[in-house]
Undergrad: 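Take a look at this one; I'll ask things after.
Atoms within each ligand, like the ligands themselves, are counted from 1 in listed order. This one's a predicted model, so the numbers in the text were calculated from it and none came from an experiment.
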Amino acid sequence: MTTAIAHATVSRQQSAPPSNVIDAGQDFEIRALDAPLGAEVLGLDLSRPLSGSDFARIHRAHLDYHVVVFRDQRITPAQQVDFSRRFGPLQVHVLHQFQLPGHAEVLVVSNVVENGKPIGLGDAGHFWHSDLSYKEKPSLGSLLHARELPAAGGDTLFANMHLAWDSLPAELQRTVDGLYAEHTYLARYAELQQRSPWRPNLTPEQIAQVRPVLQPVVRTHPETGRKALFVSEHFTTRIAGLPENESRDLLEQLFAHSVKPEHVYRHQWQPHDLVFWDNRSLLHLAAGCPDHLRRVMYRTTIEGDVPR
Ligand code: SIN
């Protein structure tokens, strides 16, 4: 179920636009989802140039709803890259094996194996995480475009980490605010390799790109000023300065609290959806689908700030 929240573009609201207007917008709606986060965009065509005012509406919706679902986008990988770049520089994933040929900025997320070789990262998102939180500058946001969807399964879940912070008991808030935690890409890599025969061994160069970093356990969103929990079961290994058992216990509490059902939106993909989420506000998880059903998605990832 959805709630209409906005209609018509700026240009539509003007009675008689002058003939030399070059910022003419498209006629599209942004509707809030009936969920703890998320909005869908209907009637916008991202294969067409996006005016400054339309971009501003999308940017605002991204900050307000944290997930923006653009329905029915028949876009090329180059158009996805161009649109993503409007929000910042793009990040190239360390697993270069799964870049889309000709588009280093596009990570193929897929369970498809062709001629004995996987075409993409088959188990991306198997654990709750925020993209690239193991980098000094984690991702601002990611865009995932549905190219081929399975007949069953394949959902993506998002947890609202602002709500997770707001609803954390005050005593726990006081305990964790100001702490730092280590994030590392390698935290569960061996475990994932055991599950998925296709996860490649990393070269020394790849390992050097993903050295552990310390991140604040509670971060402040650089654009909205809202606080959010910033730990995940995938990449966060320990809280700095605490004995191992205390750190483990605290992290387990935070992980469990973060993904309570009341913080979560489950996205059931429709053909040609392009989903744009805010990694500064959310964790996400891929629910998975049966191996024999093809799922092919293209992901772009935008670089963000150093978390504070
Ligand atoms: C990801 O974690 O980026 C992949 C999410 C998905 O495939 O649903």
Undergrad: Establish, from distance only, whether the side-chain atoms of His267 and Asp273 form a donor-acceptor pair under 3.5 Å.
TA: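 Checked: His267/Asp273 side chains pair up, N/O donor to acceptor below 3.5 Å.
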Undergrad: List every atom of ligand 1 that sits less than 4.0 Å from any heavy atom of His284, numbering the atoms from 1 in the order shown and giving each element.
TA: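 Atoms satisfying the 4.0 Å criterion: 1 (C), 2 (O), 3 (O).
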Undergrad: Only heavy atoms of Val109, strictly under 4.0 Å: list the atoms of ligand 1 that pass.
TA: 7 (O)
Undergrad: What heavy-atom pair brings Lys137 and Val306 nearest, and what distance separates the two atoms?
TA: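 Looking at all heavy atoms of both residues, the closest pair is CG-CG2, 3.8 Å.
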Undergrad: Considering only heavy atoms of His129, which atoms of ligand 1 have at least one such atom less than 4.0 Å away?
TA: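 Checking each atom against His129, I get 2 (O).
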Undergrad: Does ligand 1 have a heavy atom under 4.0 Å from the side chain of Arg295, from its backbone, from both, or from neither?
TA: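 For Arg295, only side-chain atoms sit under 4.0 Å from ligand 1.
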Undergrad: Between Thr156 and ligand 1, does any nitrogen or oxygen pair lie at a separation below 3.5 Å?
TA: yes
Undergrad: Using the side chain to side chain donor-acceptor pair (under 3.5 Å) definition, which of the options Gln80, Arg85, Gln91, Gln99 pairs with Glu105?
TA: Arg85
Undergrad: Heavy-atom contacts with Arg299 under 4.0 Å: which atoms of ligand 1 show up? List them by number with element.
TA: 1 (C), 3 (O)
Undergrad: Let me know which of Tyr65, Trp128, Trp277, Phe276 forms a ring-ring contact (aromatic ring centres under 6.0 Å, His included) with Phe158.
TA: Trp277
Undergrad: So, for Leu143 and Ser84, which heavy atoms are closest and what is the spacing to 0.1 Å?
TA: CD1-OG, 3.3 Å
Undergrad: May I ask you to decide whether Asp64 forms a salt bridge with Arg60, counting only side-chain N to carboxylate O separations under 4.0 Å?
TA: yes
Undergrad: Suppose I only count heavy atoms of Gly125 and a 4.0 Å limit; which atoms of ligand 1 are within that range?
TA: 2 (O)
Undergrad: Pick one of side chain, backbone, both or neither for how Leu144 approaches ligand 1, counting any non-hydrogen atom pair under 4.0 Å.
TA: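 Within the 4.0 Å criterion, Leu144 contacts ligand 1 through side-chain atoms alone.
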